[in-house]
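The structure appears right after this line, and notes come after that.
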Amino acid sequence: MISGVVTKGINGIPRIPGDKSISHRSIIIPSISNGICEINNILHSEDVIHTLEAFKLMGVEVEKNEKKLIIHGKGLNSLNVSNNEIYLGNSGTSARLLTGLLSSQKFKSVLTGDKSLSNRPMRRIAEPLIKMNAKIHTTNGSLPITIEKSDLKSTDIDLEIPSAQIKSGLLLAAINTKGETKITENKITRDHTEIMLESFGANIDIQKKGGRKIIKIIGQKELVSNNIDVPNDLSSSAFFIVSALINKNSRIILKNINNNPTRNGIILALKKMGAKISLINERINNNEKICDIEVVNSNLHGVELGPEFADLMIDEYPILAVAASFASSPSIFRGLKELRVKESDRLKLILINLQNCGVDCKSENDDLFIYPSKNYKIKNNFIQTDFDHRIAMSFCVMGTKIGPLNIENSECINTSFPTFKEQLNKLGGRIF
Ligand code: S3P
């Protein structure tokens, strides 16, 4: 895929797909609930399809009509054993959440994934589950993972790594475990799992103390399905927001976007950089905050962000780094260790690709430094993505200013945003 320079700005109302994190949970939680769940606006991307296929393999009945996906829940303990390995493609969320959920089921499962997912760390979810008595075998700390039938015990768990995927995997194990499991988060991460479990009637108590969160869950209470309206994805919106900010004569409106306060670091960070972003029609749906967002091209300046921002916007650093490359002063983003274990080593790829685009930047102790300039001389216009969708989309946005950039393996964008190219082109992008 080649991304070329935009000539007349980025203008209009893009169609942003449903939120990826909420879409995964919208399949998983209704599948283990009682009753029928109609899901509106679920994301149809490869990652979410892998979660859906996993539950179909385990006997969950799924119907699809033009607008909705309908899930016939089986209750906490009625999933069927899958006779085949469960293949999860590139999806880390599916892998961590299913490892937790399947630890509490009364059958053996094997989870596999693609090359990138098979290199990602899984001890972080296996180890706390093993404390709950789960019988999990990783392959040198990664997929394939074998989960044996076991009898889970409720336990107190202190989460060392700030990760919504680990927390959610544990919650999905705890929901089917007798007694009270207590999970302490030392840093707040996205809370879509807690929100949905609560609204499905789980016996869950959440207390916030300073920057910590204590979740107590009493398991083995059957859940009752609710219908779900999936809001549109803020992480996917970020590529459009930055495209509009850095290109002259731009104005866009994004509709129905998830504005959950555990996820909205990108909006806070860009506003700190002087971005003209307005949140309009703020409202609540299915206990999730949503809003529309208006963005006008802006003169950005650099910013220093501490590690606390990383918890609120870990997926958005590649696109934030692109925005920072067009600011009037340097930026420092601190505490990006977790970026190294995403779909790729994102810190490494941000540096390699920005440097190839002529941007002066460096990393020191997992902090990223960007020194923007007015004119960039491209050194190599082949963008290395390592099949990482967010790196691919971020450098498409870079291409709107300094292109043409040739984005390698751009089909990886299908993991989260299959209509990205069509939508950006509709607004003035020149991707071919
Ligand atoms: C996700 C949590 C985050 C995020 C990922 C989706 C989720 O991962 O990077 O894209 O849906 O829970 P971590 O929890 O590992 O930080």
Side-chain angles (χ1 to χ4, degrees), residues 17-29 42-43 45-48 50-51 88-101 113 116-117 119-128 141-143 159-172 183 185-197 213 215 230-231 233-239 258 260 262-266 288 307-320 335-347 350 366 387-394 412-413 415-417:
D19 186 275
K20 182 153 81 73
S21 293
I22 297 179
S23 293
H24 283 296
R25 287 147 175 91
S26 298
I27 295 165
I28 298 171
I29 295 175
I42 193 160
L43 168 65
S45 77
E46 285 174 3
D47 275 12
V48 175
H50 283 301
T51 293
L88 300 170
N90 193 248
S91 180
T93 305
S94 315
R96 271 69 176 253
L97 271 59
L98 285 188
T99 302
L101 173 70
S116 145
L117 186 59
N119 279 319
R120 294 183 67 187
M122 294 295 156
R123 282 200 183 103
R124 48 178 55 205
I125 179 69
E127 279 171 2
S142 299
L143 293 184
L159 289 176
E160 279 150 34
I161 302 170
S163 161
Q165 293 181 351
I166 302 176
K167 172 181 64 180
S168 302
L170 294 171
L171 285 170
L172 292 169
I183 299 169
E185 257 197 320
N186 295 304
K187 290 179 168 181
I188 306 278
T189 64
R190 67 188 71 190
D191 60 0
H192 308 301
T193 309
E194 298 93 295
I195 289 179
M196 200 177 285
L197 284 176
K213 186 170 173 183
I215 310 170
V230 181
D233 197 315
L234 179 60
S235 298
S236 299
S237 306
F239 305 107
N258 185 225
N260 179 313
T262 61
R263 280 280 289 283
N264 67 355
I266 184 69
E288 288 279 354
E308 68 284 2
F309 264 82
D311 306 325
L312 298 180
M313 54 170 290
I314 192 66
D315 289 340
E316 278 65 73
Y317 282 96
I319 189 62
L320 186 69
L336 305 187
K337 187 169 167 222
E338 278 295 300
L339 268 194
R340 295 204 179 273
V341 290
K342 292 295 174 184
E343 286 83 330
S344 66
D345 178 342
R346 286 189 175 148
L347 194 48
I350 289 172
D366 301 322
F387 297 89
D388 183 329
H389 55 137
R390 298 201 198 279
I391 294 289
M393 288 186 275
S394 298
C412 60
I413 292 173
T415 59
S416 68
F417 198 162

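Just so you know, ligand 1 is whichever comes first in the structure, and atom 1 is the first atom listed for that ligand.
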Please write down residue, atom name and distance for the protein heavy atom closest to [atom].
atom                    : answer
atom 1 (C) of ligand 1  : Gln165 NE2, 3.6 Å
atom 16 (O) of ligand 1 : Lys342 NZ, 2.9 Å
atom 12 (O) of ligand 1 : Arg25 NH2, 2.7 Å
atom 11 (O) of ligand 1 : Ser21 OG, 2.7 Å

Atom of [X], atom of [Y] and distance for their closest heavy-atom approach:
X      : Y      : value
Phe387 : Cys412 : O-CB, 3.3 Å
Lys167 : Asp191 : NZ-CA, 4.0 Å
Arg390 : Ser394 : O-OG, 2.7 Å

Worksheet item: Counting both backbone and side chain atoms, is some N or O of Arg124 under 3.5 Å from an N or O of ligand 1?
Response: no
Worksheet item: Do any nitrogen or oxygen atoms of Ser163 lie less than 3.5 angstrom from nitrogen or oxygen atoms of ligand 1?
Response: yes
With atoms numbered from 1 as shown, which atoms in ligand 1 lie under 4.0 angstrom from a non-hydrogen atom of [X]?
X      : result
Asp315 : 4 (C), 5 (C), 9 (O), 10 (O)
Ile314 : 9 (O)
Ala164 : 12 (O), 14 (O)

Worksheet item: Considering only heavy atoms, does Arg190 approach ligand 1 within less than 4.0 Å through its side chain, its backbone, both, or neither?
Response: side chain
